[in-house]
Every structure is written in structure tokens, then in C-alpha cells.
Amino acid sequence: MSRSRAAIILAAGHGTRMKSSLSKVLHPVGGRPMLDWTIALARGLGCEKIVVVVGAHNPDARARAEALLGPGTTALQDPPLGTAHAVRAAQAALAGFSGDAIVLYADTPLIGAATADHVFTTLAEGYAVSVLGFEAEDPGAYGRLIETPEGDLAAIVEAKEASPEQLTVRLCNSGVLAAPAPLLFELLAEVKNDNAKGEYYLTDVVALARARGHKAKAVPAQEAEVLGVNSRVELAVAEARFQAARRHQAMLEGVTLIAPETVHFSHDTQLAADVVVEPHVVFGPKVVVETGAVIRAFSHLEDCIIRRGALIGPYARIRPGSDIGENAHIGNFVETKKAKIGAGAKANHLTYLGDVTVGAKTNIGAGTVTCNYDGFDKYHTEIGANAFIGSDTMLVAPVSVGEGAMTGSGSVITKDVPAGALAVERSEQRNLDGWATKFRARKAAAKAAKASPPSGD
Ligand code: UD1
Ligand code: MG
């Protein structure tokens, strides 16, 4: 890349149609705030400077941007007077920057890196301004891209100022635009607000550049990529598009999705080739699944690693900090949290494993619970390799069970169990001979007497 790059990300809109106390740009798609998506795009494009333009009404967006980019990376636009005015707000933060600048939108999370890169590379082809356009299904209120007979971009006309003939144009403005930063700010200084909305339109820079003898160009995008989110309905549309693309990508990478439309991904889900995912699985953030693992139906995973060949579910809940070892089995209604499960270990039924290390090949019986919390603090349970935890064992942490040790079913284990030992903690069983038979006979007689009371009363 020969020319240095900067991004100006607009995030100053009010987002009133979201009807939310959270800034619109912080609503997530694929589990990641839309603002983060746009910042990631700018970084992926190699932008050495990124400025986020925020409004006075969205301090949460400002805080998020500075958390990701560092202090001094936001610019305040107050009050908002239009898109040109918003971009100008970033001028001071870009003082001295002489490379190319792209204008991006924090409510437009699906633009592909290759598409945005094309907006920059078009500048290197001798164009002073390049604009990302798309063929709109319904051009509606979008700005129209008016091209010259040679295929250059002549002007962008907002729908409110367009002639009936211009309104028939289906090539629309996505809003994304790039130009050399010094020229962009010179042109912006010339933009006026004598238009239908009384706003400073960023789109005017195209005609202003042409008036100076420069050339401009429209760069094509798919309409789905440039979808802007203004309401929860559009947020759901963006989410659905993200999910569809992510599932498609996973399958192309060698993952079997039996019912892809029922599997929910996060932006950072990593599934290796030859992973099989059954229907209705949710991947929360930070999930890594290694090759050969099978995630069975109705499982929910979050911030965990599932190692080679492991079998998860059906109906498993794998919570943050879980590391499920190679070929381990975590079965139905088993919940793990901060659990390091050794290779080949099994917890197949109805179990809670939290703050625990389980050694290789250990078997955890049905109904086992690591009692890790006393209402104030969390405590660790350590279980060695090749151990056998009997069904319905309560492991009251902190506690350890040594290698090869066993616990008897129903035991409440409060003391460490040495390697190779059996720990049993339950009262002696008594058998009362004939008691059940006599009990039944007594009850049956009482019931019969009630059903046929003596007559004459
Ligand atoms: C804008 C474009 C239009 C394009 C459409 C694509 C202009 C004049 N028009 O129109 O050609 O087809 O987007 O969606 O640019 N914003 C600020 N500060 C402001 C005004 C806007 O940060 O003062 C931000 C908004 O939060 C929003 C974006 O800029 O994310 C676009 O603003 P909006 O008012 O929605 O512009 P449109 O009228 O839709
Ligand atoms: Mg808009």
C-alpha cells in the first residue's frame, strides 16, 4: 500500500428509532457492537488514523471508541448539522495527515473489506473522490449517483432535490466516500446548507471536486453489504444477513451444519474443518472448536475451547473458561464453567462442573455437583486422572479427589480423597423385612372402608 489511509467514522446520529437507552451504534450484530465492526473494518483496511465522530447525546459511544482506539480518537459534533458537518468535525484530529481518508458509518456493519478497499484503490487510479454505490431494490430516499456518459461520477443528488428523471436512477449512494484528506477538507469548507433539509451534505463534495476539474467514480457494492441499521427491525435483518454469511463460510471451510439456519454464530466463532454441528446450537462469543468435535443439538457454548474429537451435548451448556479435552464427552444437561476437562473424561448426564480440573479418562457420574460457591467466594475442585465419581456426589470445594480414586454414590465429599481410595459418606442402610407389604395392606383396607360407608346413617 503506497498511500497512507485514515478513516472517519460517523456515529453522531440520534438513533431515535431504536427506542433504546443504549446508543444505536453499540447494539450488537453477531455479538459485537456495530461500532466495533466499523472500527475493525477501518483497521483491516490499514487505516493508520481512525477518528470516530460522536454526538453530545451518546457518551457511551464515545467511551467505547476511546476504549478501542485510545484517548483523543473521537471528535464531537454538536449540534449535528449534516454529514458534511460531521466529517468536518474530524478535521482537527487529522491535522497534518496528508493521505487518503474514507468516510464510514458506525450503523452500517456489513461492508466487506474487499469492497471498502476498492474505494481506496480507485483513488490511485486518478480519481479525486470515490463513492460506494449500489443498485437499490427500492431507491426511495437514498441519494442518487448521477454518472457521465463515460461512466465517471458527475454528482450525488439527494432524493429531496432530485428531478423526476433523476429519481428513476437506481444507482444509489451508500454514504461511504473517500478522497485525499487535504482535498476533502478543502471541499467541505465550500459546502453550503441551502438545500431542502437545510443541512450540510457530504454528497456535495462530488460536484465541488468536478467543478475544480477533478474526476470522481462510483465503486459498486451489493445492497446487502451497505444495509444501514435504524431500527430493531433493521438490526434483525443485519443479524440474519451476518448469520447467513457466517454459516455459509463455515460450511465452505469444511464444517458440517446439518440445519444451518438453526445455528447461531458469534463474530469470532472458530470451527475447524470436520467439526459437525447438529441443529439448534448457539455459539456465544469466544468459542473455538477443534477438528472432529461434534456439537450435538440444543447446546449453548460461550468463551471455551472444545478440543479434537470431543462430543458435546445434546443439551449441554458450556460456559466461560471451559476447556474440554480431546475425545472428552459432555452430555445432556451438563453445565461446565471454568472447567478443565482432561482427554477422554466423561460427564454424560445432569451435572454441574464449575471451578474444577478433571483428569484424563475420569468418569463423572450422573447428578454430580461441584459445590463451588458459599455465597461469597468460589473454590476449586481438583479431580485426578482415571477417577470415578459416583452418581449424585456433592464435591464441596475446596476439595480434591486423587488419581484413580472413587466416590460412592450420594456422598457429600468435604475432605480430600487420597489417590486410589474409595470415599463413601452416607448413613448405613437398614432393611425392615415385610414392612412394605404390611404398610400396603393397612392402607388398602383404610381406603376400602372409606369407599363403602355403613348404610342407614
Ligand atoms: C445519507 C446520504 C445519502 C445516502 C444515505 C445512505 C447525505 C447528505 N446523504 O442520507 O446520499 O443515500 O445517507 O444511507 O450524506 N450523521 C452524523 N451527523 C449528522 C448527520 C448524520 O453523524 O449531522 C450520521 C448519521 O448518524 C448516519 C449517517 O451520518 O449514520 C447518515 O446520516 P442520515 O441523516 O441518515 O443521512 P441520509 O439522509 O440517510
Ligand atoms: Mg439515513
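Keep in mind that the numbers below use all heavy atoms, side chains included, and drop hydrogens, waters and symmetry copies. Numbering of residues begins at 1 and proceeds along the displayed sequence. Just so you know, ligand 1 is whichever comes first in the structure, and atom 1 is the first atom listed for that ligand.
- Short contacts between ligand 1 and E158, defined as distances under 4.0 Å to a heavy atom of the residue, involve ligand atoms 2 (C), 3 (C), 7 (C), 8 (C), 9 (N), 10 (O), 11 (O).
- By the definition of a contact as any protein heavy atom under 4.0 Å away, atom 33 (P) of ligand 1 is not in contact.
- Within the 4.0 Å heavy-atom criterion, the part of Y105 lying near ligand 1 is the side chain and not the backbone.
- A side-chain donor from one of T336 and S322 sits under 3.5 Å from a side-chain acceptor of the other.
- Using a cut-off of 4.0 Å between Lys/Arg side-chain N and Asp/Glu carboxylate O, R307 and E326 are scored as not salt-bridged.
- Ligand-side atoms of ligand 1 in range of K197: 38 (O), range being under 4.0 angstrom from any heavy atom.
- For the residues G82, G55, A86, the heavy atom positioned nearest atom 23 (O) of ligand 1 is part of G82.
- In this structure, E125 does not pair ionically with K217, as no charged nitrogen and carboxylate oxygen lie closer than 4.0 Å.
- Atom NZ of K49 sits in a sparse spot, with 12 or fewer heavy atoms from other residues, nucleotides or ligands closer than 6.0 Å.
- Residue-level proximity to ligand 1 for N173 is carried by backbone and side chain together, each with a heavy atom below 4.0 angstrom.
- No donor-acceptor contact under 3.5 angstrom links the side chains of D355 and Y373, judged on distance only.
- Closer than 4.0 Å to atom 29 (O) of ligand 1 lies at least one heavy atom of the protein.
- Look at R64 and D36 and you find a salt bridge, because one of the NZ, NE, NH1 or NH2 atoms lies within 4.0 Å of a carboxylate O, short of that distance.
- Counting only heavy atoms, the protein never gets under 4.0 Å from atom 1 (C) of ligand 1.
- Close approach of ligand 1 to S174 is summarised as follows: ligand atoms under 4.0 Å from at least one heavy atom of the residue are 6 (C).
- Ligand-side atoms of ligand 1 in range of G143: 3 (C), 4 (C), 11 (O), 12 (O), range being under 4.0 angstrom from any heavy atom.
- Interatomic distance, C172 SG to L132 CG, rounded to the nearest 0.5 Å: 12.0 Å.
- Of the possible polar contacts, none joining the K24 side chain to the M18 backbone as a donor-acceptor pair under 3.5 Å is found.
- Using a cutoff of 4.0 Å between basic side-chain nitrogens and carboxylate oxygens, R212 and E190 are scored as salt-bridged.
- Shortest contact from atom 18 (N) of ligand 1 to any protein heavy atom: Q77 OE1, 2.8 Å.
- A salt bridge links D100 with R3: the distance from a Lys NZ or Arg NE/NH1/NH2 to an Asp or Glu carboxylate oxygen falls below 4.0 Å.
- Distance check on atom 38 (O) of ligand 1: some protein heavy atom falls below the 4.0 Å cut-off.
- If you look at L81 next to ligand 1, the close heavy atoms, those under 4.0 Å, all belong to the backbone.
- Ranking protein heavy atoms by distance to atom 14 (O) of ligand 1, first place goes to Y142 CE2, 3.9 Å.
- Around CD of Q222, the count of heavy atoms belonging to other residues, nucleotides or ligands within 6.0 Å does not exceed 12.
- Side-chain atoms of T148 and E150 form a donor-acceptor pair, as typed in the model, at a separation below 3.5 Å.
- Using a 4.0 Å cut-off to heavy atoms of P80, the atoms of ligand 1 that qualify are 19 (C), 23 (O).
- Distances shorter than 4.0 angstrom do not occur between any heavy atom of V53 and any atom of ligand 1.
- For ligand 1, the atoms closer than 4.0 angstrom to any heavy atom of Y201 are 8 (C).
- Under the 4.0 angstrom criterion for non-hydrogen atoms, C172 is not in contact with ligand 1.
- Remark: atom 11 (O) of ligand 1 lies closer than 4.0 Å to at least one protein heavy atom.
- Of all the heavy atoms of A106, none lies under 4.0 Å from any atom of ligand 1, so neither backbone nor side chain is involved.
- Residue contact check: T83 has heavy atoms under 4.0 Å from atoms 7 (C), 8 (C), 15 (O), 20 (C), 21 (C), 29 (O), 31 (C), 32 (O) of ligand 1.
- Closest to atom 27 (C) of ligand 1 by heavy atom, among V52, L10, D107, is D107.
- In this model, a donor atom of one side chain and an acceptor atom of the other lie less than 3.5 Å apart for H264 and Q243.
- Within ligand 1, counting atoms from 1 as listed, the ones closer than 4.0 Å to a heavy atom of T203 are 7 (C), 8 (C), 9 (N), 11 (O), 15 (O).
- The side chain to side chain contact (heavy atoms under 4.5 Å, CB included) test with V294 singles out one residue from V277, L311, V289, I306, and that residue is L311.
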